[in-house]
Enquirer: 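Let me give you the structure first, and then I'll get to my questions.
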Amino acid sequence: LLKVVREFMPVRNAVLIPKVLLKIVGGMQLLRFYLTKKQPALPPSAIDRYYSNAAFSCRKAIEQLNYKVTPFRQGVAETIHHLKQQYGTN
């Protein structure tokens, strides 16, 4: 996903953070939640989802709803374009 996003939004100084470090931060945010009831911005379960590479089938939606699949790169490009328009960034 990040490789495709970089095609449409070049980043000059991208910082790659190891998953284990993110899990530690997520665990600390979970601890803060238990102590203060302030919702964590990045719970450990979200980190696992970001690192997963799951493929899903659209077969049922195509057959029953006449759904048309948008190619991944096109979907990312349209999403970035929409966000740039909505938030006024270059």
Side-chain angles (χ1 to χ4, degrees):
L1 173 65
L2 292 177
K3 290 177 185 176
V4 175
V5 170
R6 285 187 193 123
E7 290 178 20
F8 301 102
M9 289 184 62
V11 178
R12 292 184 191 128
N13 297 323
V15 177
L16 298 176
I17 301 171
K19 181 179 180 180
V20 68
L21 183 59
L22 291 174
K23 294 283 271 192
I24 291 169
V25 171
M28 291 170 53
Q29 288 199 0
L30 215 53
L31 177 62
R32 182 184 73 171
F33 168 72
Y34 292 128
L35 297 173
T36 66
K37 300 301 180 210
K38 184 174 181 180
Q39 289 294 323
L42 190 64
S45 59
I47 295 165
D48 290 332
R49 281 194 305 273
Y50 295 134
Y51 277 86
S52 70
N53 188 13
F56 299 96
S57 173
C58 300
R59 181 188 54 79
K60 189 174 180 181
I62 292 168
E63 291 172 358
Q64 294 181 4
L65 303 173
N66 200 25
Y67 176 75
K68 295 196 181 4
V69 177
T70 302
F72 182 71
R73 289 184 189 289
Q74 178 185 345
V76 170
E78 290 174 3
T79 300
I80 291 171
H81 177 74
H82 169 76
L83 292 172
K84 284 181 177 182
Q85 284 186 325
Q86 181 149 352
Y87 296 104
T89 60
N90 293 344

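Heavy atoms only: backbone and side chains are in, while hydrogens, waters and symmetry mates are out.
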Enquirer: Can you confirm if the NZ or CZ of Lys84 lies within 45° of the ring axis of Tyr87 and under 6.0 Å from the centre of its six-membered ring?
Expert: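 No cation-pi geometry.
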Enquirer: Scan residues 22-32 for pairs that pass side chain to side chain donor-acceptor pair (under 3.5 Å), counting only residues two or more places apart or in two chains.
Expert: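 Every pair satisfying side chain to side chain donor-acceptor pair (under 3.5 Å) with a residue in residues 22-32: Lys23-Asp48.
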Enquirer: Under the side chain to side chain donor-acceptor pair (under 3.5 Å) test, which residues partner Lys19, sequence neighbours left out?
Expert: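 Side chain to side chain donor-acceptor pair (under 3.5 Å) list for Lys19, sorted by chain: empty.
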Enquirer: Considering only residues two or more places apart or on different chains, which pairs with a residue in residues 58-76 satisfy side chain to side chain donor-acceptor pair (under 3.5 Å)?
Expert: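 The answer is Glu7-Arg73, Arg59-Glu63, Gln74-Glu78.
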Enquirer: To the nearest 0.5 Å, tell me how far Cys58 SG sits from Leu65 CG.
Expert: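 One gets 11.0 Å once the value is rounded to the nearest 0.5 Å.
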Enquirer: When you group the ILVMFWY residues by side-chain heavy-atom contacts below 4.5 Å and let the links chain together, are Val20 and Ile47 in the same group?
Expert: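 Cluster IDs for Ile47 and Val20 differ.
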Enquirer: Suppose we screen for side chain to side chain contact (heavy atoms under 4.5 Å, CB included). Which residues come up paired with Leu35, at least two apart in sequence or across chains?
Expert: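 Result, side chain to side chain contact (heavy atoms under 4.5 Å, CB included) vs Leu35: Leu31.
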Enquirer: State which residues pass side chain to side chain donor-acceptor pair (under 3.5 Å) with Gln39; sequence neighbours excluded, sorted by chain then number.
Expert: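 Result, side chain to side chain donor-acceptor pair (under 3.5 Å) vs Gln39: none returned.
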Enquirer: Please tell me whether Leu21 and Met28 are part of a single hydrophobic cluster in this structure, the criterion being side-chain heavy atoms less than 4.5 Å apart.
Expert: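 Unlinked, Leu21 and Met28 end up in two clusters.
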Enquirer: Does Leu30 have any side chain to side chain contact (heavy atoms under 4.5 Å, CB included) partners at least two apart in sequence or in another chain, and if so, which?
Expert: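 Side chain to side chain contact (heavy atoms under 4.5 Å, CB included) check on Leu30 returns Tyr34, Pro40, Pro44.
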